[in-house]
Structures are given as C-alpha cells and as structure tokens.
Amino acid sequence: MKQNDNHEHDEHCHCGCNAHSNKEHDYEINITTHEMSVICTYKFCIYKSKPETERIIYAIIESIGQETKQAKGHIGHIKAIVKSEGERYRVSLTDEIINKQLLESEGNTIEGVAIVFGLKKERFQQIVDKILSKYL
C-alpha cells in the first residue's frame with residue numbers, strides 16, 4: 001500500500017489522483033482545439049501543506065500565463081480547482097488578475113483548464129508540460 005501525506009492508496013483505490021501512475025510525471029494533460037482556441041485540461045495531486053499547495057498552484061497558473069504571452073498567445077481563461085481535506089478552492093486567471101474562491105469538498109487533487117488563443121496546439125502543450133514538469 002502506498003501512503004501519502006493525506007490518504008492511503010492500494011490496488012483497489014479509486015480516489016482519482018495520480019498517486020497510482022507509472023508515468024514519467026504525476027500529471028495528466030489533454031489538449032484540444034475549438035474554433036480558434038486551444039484548450040488544455042490538466043489534473044494532478046500535490047501532497048504538501050495547504051500554503052505550499054497554494055503557492056505551487058499560483059506559480060503554475062502565473063507561469064502558464066507568462067509563457068503564453070511570451071509565445072505571442074492570448075489568455076482566454078486559466079483556472080484550477082484545488083480539492084484538499086475538508087475544503088477546496090478555485091484559482092483563476094483572466095489576463096493578469098488572479099481570483100480565489102473558497103468552496104467545500106474532500107480529496108487532494110487539482111483539476112484545471114487553460115484556454116488560449118493565437119498558439120498552435122503543439123506549442124501550447126509544450127508550454128504546459130514544461131511548467132507542470134518544473135513544479136511537480
């Protein structure tokens with residue numbers, strides 16, 4: 001059985017986090033397009049304190065925004081839903097403003113979406129993969 005900071009995992013666990021993954025990185029990203037936008041969904045687990053988890057999420061969202069602008073893309077919306085023991089919160093970025101909203105929940109996963117314009121699908125996937133690899 002694998003144990004992390006907040007909950008235990010065994011072969012019958014269906015918690016939805018990536019603690020069971022045998023991938024090179026403990027995150028999932030999916031890239032699609034819709035009309036002129038590139039849409040990236042992502043999901044991962046963080047087993048750190050609440051303040052450290054929040055710091056990492058802010059850094060990821062800000063970095064995706066900065067790299068998108070440096071690549072001459074435009075931000076539609078970048079957000080993450082953070083589920084932790086007893087509560088969850090949403091962090092979102094539109095242009096350069098980050099908003100945080102507390103919600104109730106259980107779990108320890110982060111799910112999000114980033115919608116951008118003006119970049120090719122492959123380029124945006126490189127950006128998100130680079131940033132998630134750096135922080136996770």
| task | Quick one: pull up CD in Glu111 and SG in Cys45 and give me the separation to the nearest 0.5 Å. | result | 9.5 Å
| message | Which heavy atom of Val38 sits nearest to which heavy atom of Lys120, and what is that distance? | response | CG2-C, 4.3 Å
| query | In terms of hydrophobic clustering (I, L, V, M, F, W, Y; side-chain heavy atoms under 4.5 Å; direct or indirect links), are Tyr135 and Ile127 co-clustered? | reply | yes
| request: Evaluate the criterion side chain to side chain contact (heavy atoms under 4.5 Å, CB included) for residue pair Ile75 and Leu93; output intermediate values, then yes/no. | output: CA-CA 8 Å; Ile75 299 167; Leu93 172 73; 4.2 Å; yes
| query | Any side-chain donor-acceptor pair under 3.5 Å between Tyr27 and Asp129? | reply | yes
| message | Evaluate Lys69 against His74 for side chain to side chain contact (heavy atoms under 4.5 Å, CB included), listing each step before the verdict. | response | CA-CA 6 Å; Lys69 288 181 176 186; His74 303 281; over 6 Å; no
| Side chains of Val113 and Ile115: closer than 4.5 Å at any heavy-atom pair? | yes
| task | Report the C-alpha separation of Asn99 and Val91 in whole Å, then their side-chain angles, then the decisive distance to 0.1 Å, and conclude whether the side chain to side chain contact (heavy atoms under 4.5 Å, CB included) test is met. | result | CA-CA 6 Å; Asn99 297 302; Val91 179; over 6 Å; no
| Any Glu67 side-chain heavy atom under 4.5 Å of Ile131 side chain | yes
| message | Given Phe124, which partner from the list Ile29, Ile39, Ile64 fulfils the side chain to side chain contact (heavy atoms under 4.5 Å, CB included) test? | response | Ile64
| Taking atom CD of Glu122 and atom CD of Gln126, what is their separation to the nearest 0.5 Å? | 8.0 Å
| query | To the nearest 0.5 Å, how far apart are CG in Leu132 and CD in Glu28? | reply | 11.5 Å
| Which value, rounded to the nearest 0.5 Å, describes the distance between Ile31 atom CD1 and Gln125 atom CD? | 5.0 Å
| Atom of Ala80, atom of Tyr42 and distance for their closest heavy-atom approach | CB-OH, 3.7 Å
| request: Begin from the C-alpha positions of Ile46 and Ile56 and carry the test side chain to side chain contact (heavy atoms under 4.5 Å, CB included) through to its verdict. | output: CA-CA 9 Å; Ile46 296 179; Ile56 291 168; 3.7 Å; yes
| remark: By side chain to side chain donor-acceptor pair (under 3.5 Å), Glu52 pairs with (sequence neighbours left out) Arg55
| message | On a heavy-atom basis, which atom in Ile60 and which in Phe44 lie closest, and how many Å separate them? | response | CD1-CZ, 3.8 Å
| field | Heavy-atom pair with the smallest gap, counting every atom of Lys72 and Leu119 | value | C-CD2, 4.4 Å
| field | Atom pair NZ (Lys134) and OG (Ser63), whose distance is rounded to the nearest 0.5 Å | value | 5.5 Å
| Partner residues of His77 under the side-chain contact (heavy atoms from CB on, under 4.5 Å) criterion, sequence neighbours left out | Lys79, Ser92, Thr94
